[in-house]
Amino acid sequence: MTEKNDKPAKAQPLTAVKGMNDILPPVSAQWESLEETVRSLMARYAYRNVRTPIVEPTALFVRGLGEVTDIVEKEMYSFEDRLNGEQLTLRPEATAGVVRAVSEHNMLYDGGKRLYYMGPMFRHERPQRGRYRQFHQIGAEALGFAGPDVDAEIILLACALWRELGLTDWRLELNSLGQPEERRQHRAELIAYLERHADQLDEDARRRLHSNPLRILDTKNPAMQALVEGAPRLLDFLGEASLAHFNGVKAMLEANGIAYTVNPRLVRGMDYYNLTVFEFVTDRLGSQGTICAGGRYDYLIGQIGGKPAPAVGWALGLERVLELLKEQGAAAPAPAPDAYAIVPDAAAMPQVLRTLQALRAAGVSVQMHAMGPEGLGSMKSQFKKADGSGARHALVFGGDELAAGEVTVKSLRDGAGAQVRRPLAAVEGWASTLLDGSQA
Ligand code: ATP
Ligand code: MG
């Protein structure tokens with residue numbers, strides 16, 4: 001449609017979806033740094049990267065996580081594919097997808113697999129500090145191993161990550177959910193106990209009383225704390241094998257000097273857990289204090305239709321880990337190029353670009369002064385930009401220099417002002433002098 005006057009109507013500015021954040025420089029550098037630390041650490045523990053789709057069949061989560069869970073009841077972004085009517089969901093977590101992939105590609109045919117992933121997850125929650133609708137998780141999963149040794153390994157892996165990141169304000173809470181039969185016995189007694197105190201149950205608890213009573217123990221409602229504290233403890237229902245597994249995990253953590261507390265009320269939000277469950281918690285992020293959580297899920301693969309195999313894993317919330325680092329006053333990385341190219345005359349650009357290509361190929365990071373709407377700007381304004389970039393060197397591609405087949409390298413930091421001419425034809429010979437720790 002055309003407007004009456006010739007001017008096009010001003011478009012309404014579009015904004016990001018509520019609870020879904022842009023991650024921009026310089027903050028994105030922190031994300032990259034954390035991701036690099038994780039990649040390097042995972043390699044040392046021989047965990048391999050896995051990448052699964054962000055969209056999965058809705059049924060995967062309904063079957064995998066359990067129908068009576070926060071996620072499936074109210075947090076999933078589910079939709080029907082208009083083209084073919086498929087029921088799909090933006091992944092609210094990645095374990096179900098990883099398990100689907102492992103089973104679909106028969107990855108356990110030659111033994112257990114250790115995997116890790118990083119990526120965005122989606123939950124329709126009330127956005128607040130540490131709680132978003134698109135958030136990011138890093139997760140480790142060890143599939144095909146049944147013993148407490150792998151539980152300990154994967155917990156130690158998380159502890160090593162905190163150490164490398166310099167994260168100190170955390171504590172480890174540990175529990176065992178036992179096996180389904182032990183849970184059934186406990187469940188019956190728990191329901192009986194809660195029914196005796198029905199007047200103290202909130203609406204959520206009443207709804208879950210017969211569908212998922214264990215989750216009631218996980219309540220964040222302060223009015224119910226006394227009630228859940230007095231409830232029968234699942235730990236007291238564990239048989240010999242479950243206890244031996246739990247004691248095994250604890251002994252291995254102790255042997256590694258990892259402090260933990262047993263929290264008999266730790267149940268986790270997903271139905272798929274059994275035996276070991278754990279959370280890394282901090283007091284410095286308010287009620288969003290769980291930075292990493294996980295446990296054993298020996299029945300999940302079978303539950304989604306695969307060949308049953310034991311497994312254990314955890315997922316950390318990147319936003320919360322970064323927030324905690326910030327709380328601790330960790331310095332944010334401030335990336336700066338090694339050099340900034342000053343270009344007085346646009347005619348020099350072809351030569352400038354060629355030189356910068358050679359420098360970058362030699363490992364130097366260089367920021368080029370590019371043309372703005374008003375052209376290249378004065379030398380003075382270019383030097384100001386060079387300073388602002390944090391670069392240690394300015395490369396001045398002036399007319400005199402180019403006529404002589406050279407560039408001036410000027411120091412912007414230590415001994416600012418010191419300068420030297422370098423030949424354009426032999427970049428490799430002097431490129432390394434621009435790197436951190438070298439003299440110009
Ligand atoms: P919470 O009890 O805080 O809702 P959860 O039990 O739902 O957490 P998990 O599903 O176990 O969380 O996810 C593992 C980790 O992912 C959490 O410990 C947390 O650090 C992070 N996380 C979960 N949901 C969100 C969210 N909406 N926004 C940011 N981080 C999240
Ligand atoms: Mg949650």
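All ligand and atom numbering here is 1-based and tracks the order in the structure. All residue numbers in this chain count up from 1 along the given sequence.
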For [atom], what's the nearest protein heavy atom and its distance?
atom: atom 28 (N) of ligand 1; result: Tyr132 N, 3.0 Å
atom: atom 22 (N) of ligand 1; result: Phe135 CE1, 3.5 Å
atom: atom 6 (O) of ligand 1; result: Arg268 NH1, 3.4 Å
atom: atom 8 (O) of ligand 1; result: Arg320 NH1, 4.5 Å
atom: atom 21 (C) of ligand 1; result: Gly317 CA, 3.7 Å
atom: atom 12 (O) of ligand 1; result: Arg123 NH1, 3.7 Å
atom: atom 27 (N) of ligand 1; result: Glu125 OE2, 2.6 Å

Report task. Please round to the nearest 0.5 Å and tell me the distance separating atom CZ of Phe61 and atom CZ of Arg91. Result ->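 The CZ atom of Phe61 sits 8.5 Å away from the CZ atom of Arg91.
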**Report entry** Test log, rule side-chain contact (heavy atoms from CB on, under 4.5 Å), inputs Glu279 and Trp170
**Finding:** CA-CA 10 Å; Glu279 286 191 357; Trp170 56 267; over 6 Å; no
Where's the contact between [X] and ligand 1, heavy-atom distance under 4.0 Å: side chain, backbone, both or neither?
X: Arg131; result: both
X: Gln137; result: side chain
X: Ile291; result: backbone
X: Arg133; result: neither

Query raised in the report: What residue among Glu36, Met42, Arg44 forms side-chain contact (heavy atoms from CB on, under 4.5 Å) with Ser40?
Result: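 The option that passes is Arg44.
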Sub-4.0 Å atoms of ligand 1 with respect to non-hydrogen atoms of [X]:
X: Gly130; value: 28 (N), 29 (C), 30 (N)
X: Ala315; value: 14 (C), 15 (C)
X: Lys220; value: 1 (P), 2 (O)

Report task. Give the C-alpha distance, both sets of side-chain angles, the deciding distance and a yes or no for side-chain contact (heavy atoms from CB on, under 4.5 Å) between Ile154 and Phe278. Result -> CA-CA 11 Å; Ile154 213 161; Phe278 54 89; 4.3 Å; yes
Requested in this report: Determine the minimum heavy-atom distance between His136 and Ile23, stating which atoms define it.
Outcome: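 It is CE1-CD1, 3.7 Å.
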Query - Heavy-atom pair of closest approach, residues Ile301 and Lys307 - result: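 That closest heavy-atom pairing would be CG2-O, 3.4 Å.
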Query raised in the report: Do we see a donor-acceptor contact under 3.5 Å between the side chains of Glu254 and Tyr260?
Result: yes
Query - Tyr340: which of Lys410, Gln367, His369, Gln382 passes side chain to side chain donor-acceptor pair (under 3.5 Å) - result: His369
Query raised in the report: For atom 17 (C) of ligand 1, which candidate among Leu285, Ile71, Ile138, Thr290 holds the nearest heavy atom?
Result: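 Looking at heavy atoms only, the winner is Thr290.
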Query raised in the report: Is there a side chain to side chain donor-acceptor pair (under 3.5 Å) between Tyr297 and Gln303 once you walk through the steps?
Result: CA-CA 10 Å; Tyr297 52 92; Gln303 214 166 299; over 6 Å; no
**Report entry** Contact check, side chains of Leu234 and Val267, non-hydrogen atoms, under 4.5 Å
**Finding:**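 No, side chains not in contact.
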